[in-house]
Number of protein chains: 2
Amino acid sequence: MPATSMGHCLTTLPSLRDALEVVSGKWKLLILVALATGHQRFRDIERSIPGISSKVLAKELKDLEQHQLIRRTVQEGPPVLVTYEVLPYADSLDPVIFALRDWGKNHRKKIMGPAVEA
Amino acid sequence: MPATSMGHCLTTLPSLRDALEVVSGKWKLLILVALATGHQRFRDIERSIPGISSKVLAKELKDLEQHQLIRRTVQEGPPVLVTYEVLPYADSLDPVIFALRDWGKNHRKKIMGPAVEA
DNA sequence: TATCTTTGCTTACTAAAAGTGAGCAGCTAC
DNA sequence: GTAGCTGCTCACTTTTAGTAAGCAAAGATA
């Protein structure tokens with residue numbers, strides 16, 4: 001173990017990889033948060049995440065569905081209505097999301113901080 | 001707020017984005033863990049992360065250095081010796097790494113679990 | 001002395017992924 | 001009727017990732 005406070009044990013890497021396969025990438029966690037904050041419709045999600053495109057959103061939603069983190073529901077119409085929602089299992093990602101959010105908040109302060117003071 | 005337990009406030013998204021810009025992608029966190037577990041040399045890191053290529057490793061190391069998470073040190077030789085180490089600031093990512101690791105561990109169980117049981 | 005290996009990369013090349021802009025069928029609103 | 005919204009998809013370009021090879025400097029092996 002090196003002189004850092006980390007002390008990750010060697011079994012960290014495989015688990016981390018497993019997680020990263022599901023969750024890494026710019027969009028997946030953002031989409032989950034969007035869903036969790038009440039955006040259930042395709043266009044709605046799209047608008048709530050600036051920068052994402054229909055194409056990527058469609059693909060990411062499919063991935064998330066395959067990983068059992070969200071559910072797609074079609075209410076036959078007319079008009080046909082498609083709804084996305086986070087499944088309970090997705091809540092297990094909360095610690096990840098919170099940790100990232102907190103780190104991001106702090107990191108921004110670290111980077112912008114000095115220039116912004118006084 | 002929807003009927004999930006998440007209840008992310010609206011300011012989650014920007015912070016999450018900030019974090020994801022620094023940390024998302026398949027390799028960065030794995031590299032940090034590799035460094036933290038005692039792999040300090042380029043080849044050493046490369047070998048400790050199966051699947052990564054020299055090219056990507058070189059690029060990721062540059063990124064991490066720019067983000068002030070690691071330091072590259074050249075000890076003039078001969079032989080010239082290049083060493084990478086995590087900076088103390090990188091420890092602030094521990095909660096993220098732990099959360100992901102734990103989730104990954106659990107997710108694997110969820111996916112493999114049923115098939116593996118007795 | 002020759003050659004083989006290791007180190008820390010870089011360079012071409014290819015494959016995959018992400019981003020861009022348009023569009024489309026089905027419906028509603030005016 | 002024509003303009004708009006919805007949930008996408010398609011064709012295309014750009015960016016990123018991955019693959020294989022190689023290279024200079026040094027050390028070890030023979």
Side-chain angles (χ1 to χ4, degrees), chain A residues 13 16-35 37-67 69-86, chain B residues 13 16-35 37-67 69-86:
Chain A
L13 278 154
L16 200 48
R17 288 184 95 117
D18 290 343
L20 290 172
E21 273 197 20
V22 177
V23 124
S24 92
K26 298 205 302 202
W27 302 117
K28 293 204 180 69
L29 293 177
L30 296 176
I31 292 169
L32 288 178
V33 171
L35 287 173
T37 49
H39 305 92
Q40 308 201 93
R41 316 272 304 278
F42 190 91
R43 292 282 195 197
D44 192 13
I45 301 164
E46 198 176 358
R47 276 187 299 255
S48 81
I49 305 178
I52 202 169
S53 68
S54 314
K55 183 192 150 187
V56 171
L57 178 55
K59 185 225 161 208
E60 298 287 46
L61 286 170
K62 275 174 203 157
D63 285 1
L64 290 170
E65 204 188 350
Q66 286 200 329
H67 286 303
L69 294 169
I70 68 174
R71 175 169 52 207
R72 194 182 99 115
T73 314
V74 183
Q75 295 170 56
E76 293 303 340
V80 176
L81 197 66
V82 181
T83 303
Y84 294 90
E85 57 191 311
V86 276
Chain B
L13 276 154
L16 200 49
R17 290 184 92 118
D18 290 344
L20 289 171
E21 274 198 19
V22 177
V23 125
S24 92
K26 298 204 301 200
W27 303 117
K28 294 205 179 68
L29 293 177
L30 296 176
I31 292 169
L32 289 178
V33 172
L35 288 173
T37 49
H39 305 93
Q40 309 201 93
R41 314 274 304 279
F42 191 92
R43 291 283 195 198
D44 192 14
I45 301 163
E46 198 177 356
R47 277 186 299 255
S48 81
I49 305 178
I52 202 169
S53 68
S54 315
K55 183 192 150 186
V56 171
L57 178 56
K59 186 227 161 206
E60 298 287 47
L61 286 171
K62 275 175 203 155
D63 286 0
L64 290 170
E65 204 189 347
Q66 286 199 328
H67 286 303
L69 294 169
I70 67 173
R71 176 170 50 207
R72 194 182 100 115
T73 313
V74 182
Q75 295 169 55
E76 292 304 340
V80 175
L81 197 66
V82 181
T83 304
Y84 294 90
E85 55 191 314
V86 277

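A, B, ... follow the sequence lines: proteins, then strands. Residue 1 opens every chain. All figures in this text were calculated on a predicted structure; none of them were measured in a lab.
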Protein-nucleotide distance ([X], atom [atom1]; [N], atom [atom2]), rounded to Å:
X	N	atom1	atom2	result
Lys26(B)	dT16(D)	NZ	P	16 Å
Glu46(B)	dG18(D)	CD	P	13 Å
Ile52(B)	dA20(D)	CD1	P	16 Å
Leu61(B)	dA17(D)	CG	C1'	16 Å
Leu20(A)	dA17(D)	CG	P	14 Å
Leu57(B)	dG18(D)	CG	C1'	14 Å
Arg41(A)	dC5(D)	CZ	P	13 Å
Lys59(B)	dT19(D)	NZ	P	15 Å

Evaluate the side-chain proximity of [Y] to [X]: yes if any heavy-atom separation is below 4.5 Å, no if none is.
X	Y	answer
Val33(A)	Leu29(A)	no
Thr73(B)	Val82(B)	no
Ile70(A)	Leu32(A)	yes
Glu60(A)	Trp27(A)	yes

(Q) What is the first contacted nucleotide of DNA chain C and what is the last, in 5' to 3' order, if contact means an atom lying under 4.0 angstrom from a heavy atom of chain B? (A)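 On DNA chain C, the outermost contacted nucleotides are dT7(C) to dA12(C).
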Taking only side-chain N and O atoms of [X], does any of them lie within less than 4.0 angstrom of OP1 or OP2 on [N]?
X	N	value
Tyr84(A)	dT6(D)	no
Arg47(A)	dC5(D)	no
Trp27(B)	dT16(D)	no
Arg43(A)	dC8(D)	no

**Q.** Touch class at under 4.0 angstrom, heavy-atom based, for Lys55(A) against every strand present
**A.** base
Q. Less than 4.0 Å between a side-chain N and a carboxylate O, is that true for Lys62(B) and Glu65(B)?
A. no
Q | Least distance between heavy atoms, Asp44(B) atom then His39(B) atom | A |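 Of all heavy-atom pairs spanning Asp44(B) and His39(B), the closest is OD1-CD2, 3.1 Å.
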Q.
Is it the case that the side chain of His67(B) and the backbone of Val22(B) share a donor-acceptor pair, with hydrogens and angles ignored and the cut-off at 3.5 Å?
A.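 No: the side chain of His67(B) does not pair with the backbone of Val22(B).
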